[in-house]
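A short worksheet on the structure shown next.
Because only heavy atoms are used, hydrogens play no part in the values below, and waters and symmetry mates are left out as well, while side chains stay in. Remember, predicted model here, so these are calculated numbers, not experimental data. In what follows, every chain begins at residue 1, and chains take the letters A, B, ... in the order their sequences are listed.
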Amino acid sequence: MIQKIKGTMDILPDRTPLFRYIEGIMREEAAKYGFGEIRTPTFENTELFVRGVGNTTDVVQKEMYTFNDRDENRSISLRPEGTASVVRAVIENGKCSDAMPLKYYYIISCFRHEAPQAGRSREFFQFGTEMFGSESPAADATSIALAASVIKRLGLDNVKLHINSIGCKECRPKYRGALTKYYGEHESELCDTCKKRLVSNPLRLLDCKNRECANLAKDAPRTVDYLCDNCREHFESLKKYLDGMGVEYTVDSSIVRGLDYYTKTVFEFVAEGIAAQSTVCGGGRYDGLVEELGGPALPGIGFAMGITRIILAMEQLGKDKIEECKPKLYIASMGEAASLRALSIVEKLRREGIWAECDVVGRSLKAQMKYANKLGADYTLIIGDFELESGKAQLRDMRASEQREVELDNFTI
RNA sequence: GUGGGAUUAGCUCAGCUGGUUAGAGCGCCAGGUUGUGGCCCUGGAGGUCAUGGGUUCGAACCCCACAUCUCACCCCA
């Protein structure tokens, strides 16, 4: 047989209710916070992601699904994340002239060619938001509060918020310098990959899980000590907003995001007790991105929440069991005439909005009763030739195991 | 991309140092008398032992390759 592509998944009817439940909460919360849904194409010009996500990132360098368009021979890519497309759409649709802020959310699948493991697949689902046009930490706090609200409603008290500030164009180089200097003095103690990172991306040294490196990170210079006045004020103010809004957090100087566009605020919601991919939601501010992609100098902030990682966190708490809807009524029939009648009654009830089922495979009465039981039907109506003639039938209450006679043409359950 | 573990029925797994027709539980289907579910009992269907090579008189079992899953690194949601 032809198998599915590595790192993709089939989600069957026993699991889709959980996805719908989670996505439903995301939509409701987003709406409450004034975010409107935006839908953008699954694929875009490769250049959009190269410029938007950053051409030094692993995501762009080695994880994108990139191919040439059949008739125009241009390079297009499956989206590896959602932000770049939204920024593009906002610019392209002239939304930069609207009243600020602009608030969008989306629930999409993204694609990255990575080695699959727990909480990571090649096609993955995320809930994301983007908010444009406000430099104020109040905007950051609002976005974070929305994410926190979704997590709270899902009952994930094993998920904690970590925040940090990585500064702006002004202060980041200074911090970077201090960090390079500090780690340079301890280069011999670093793991091999960190030695490389020292040159390529020193910020990433901070969250290396290697024991030696993690020890060094404890005494490493912290971003918050190198922020320029503007960034420091912004961060301090953000904390006040979060305090005032009752959003709990811890400041975690090891948080660095891997996409190039982040500035100032960065944050992660981390699930405790999950082995590897424990970051359930990640986001931050990206003040230069809109301009980078050809729009006006519009600040922005957003986050992305991994739906399958959320499910992992829910599973850990045993909160992943979502009750499926059950048919209220099952009609068991015997004989062709009764089957015809069963289908017509079921169809009528369905049009009235009642959930009803009947036999469509030609099972025996006993087997139909078993099936009704398996479906979890509340009631079963039993009809055969005798009932068709008399116009009356037995309606069985499956839970109470009692039955009563009802009019075939006019009965209620 | 780099390592470790795994792959036997729809699902979860047994299968002794290679030895005839590969097993269990659950699930599915059908029965346990004439038109009534859940519990119990009986029976049945269902497997080219992931795939392709190799070693051997003989391979689910040993060797190689490949695929997928899984765990970790890397990176990220």
Side-chain angles (χ1 to χ4, degrees), chain A residues 1-9 12 14 53 56-63 79-83 107-128 147 191-194 196-197 200-201 204 207-210 255-259 262 267-271 274-284 302-313 330-335 338 361-387 393-403:
Chain A
M1 69 162 287
I2 301 166
Q3 295 181 310
K4 70 179 173 60
I5 301 286
K6 176 180 187 165
T8 60
M9 60 178 117
L12 301 178
D14 63 334
V53 179
T56 64
T57 59
D58 279 12
V59 170
V60 166
Q61 281 189 348
K62 43 191 201 193
E63 294 171 4
R79 61 179 167 220
E81 56 100 54
T83 303
I107 292 174
I108 56 173
S109 56
C110 298
F111 310 85
R112 291 182 200 172
H113 188 99
E114 297 185 276
Q117 62 180 278
R120 169 181 302 160
S121 48
R122 291 186 171 181
E123 178 183 18
F124 58 100
F125 309 96
Q126 60 178 37
F127 162 57
C191 70
D192 288 347
T193 44
C194 277
K196 285 178 204 157
R197 282 193 274 226
S200 61
N201 192 355
R204 293 231 65 90
D207 62 357
C208 181
K209 276 144 198 131
N210 178 289
I255 293 193
V256 231
R257 313 256 63 233
L259 307 182
Y262 287 112
F267 60 92
E268 289 182 359
F269 284 84
V270 181
I274 286 186
Q277 272 60 54
S278 54
T279 299
V280 145
C281 174
F303 67 78
M305 198 177 278
I307 293 177
T308 38
R309 288 188 187 177
I310 288 280
I311 289 175
L312 247 33
Y330 184 89
I331 303 181
S333 63
M334 284 158 290
V361 291
R363 275 191 258 245
S364 68
L365 176 63
K366 181 172 179 165
Q368 288 183 60
M369 292 302 292
K370 277 190 170 188
Y371 187 61
N373 183 59
K374 193 176 309 170
L375 291 178
D378 296 313
Y379 295 91
T380 303
L381 185 73
I382 297 145
I383 58 176
D385 291 339
F386 174 73
E387 285 76 11
Q394 292 294 316
L395 180 69
R396 183 172 180 82
D397 182 327
M398 298 297 277
R399 303 197 61 174
S401 297
E402 293 165 357
Q403 24 193 103

Sugar-phosphate only, base, or nothing, as touched by A:E114 at under 4.0 Å among non-hydrogen atoms: base
Short side-chain N/O contact to B:rA72 OP1/OP2 from A:Q117, under 4.0 Å: yes
Nucleotide B:rA77, atom C1' - distance to CZ of A:F267 in whole Å: 12 Å
Touch class at under 4.0 angstrom, heavy-atom based, for A:E387 against every strand present: base
Phosphate contact (B:rC69 OP1 or OP2) by A:K4 side-chain N/O below 4.0 Å: yes
A:K6 NZ to B:rU51 P, straight-line distance once rounded to whole Å: 19 Å
Nearest-nucleotide comparison on RNA chain B, the residue closer to the 5′ end among A:Y262 and A:Q3: A:Q3
Sugar-phosphate only, base, or nothing, as touched by A:F303 at under 4.0 Å among non-hydrogen atoms: nothing
Rounded distance (Å) that lies between atom P of B:rG37 and atom CD1 of A:I382: 9 Å
N or O in side chain of A:K374 less than 4.0 angstrom from B:rC28 OP1/OP2: yes
Touch class at under 4.0 angstrom, heavy-atom based, for A:G376 against every strand present: nothing
A:R120 side chain near B:rA72 phosphate (N/O to OP1/OP2, under 4.0 Å): no
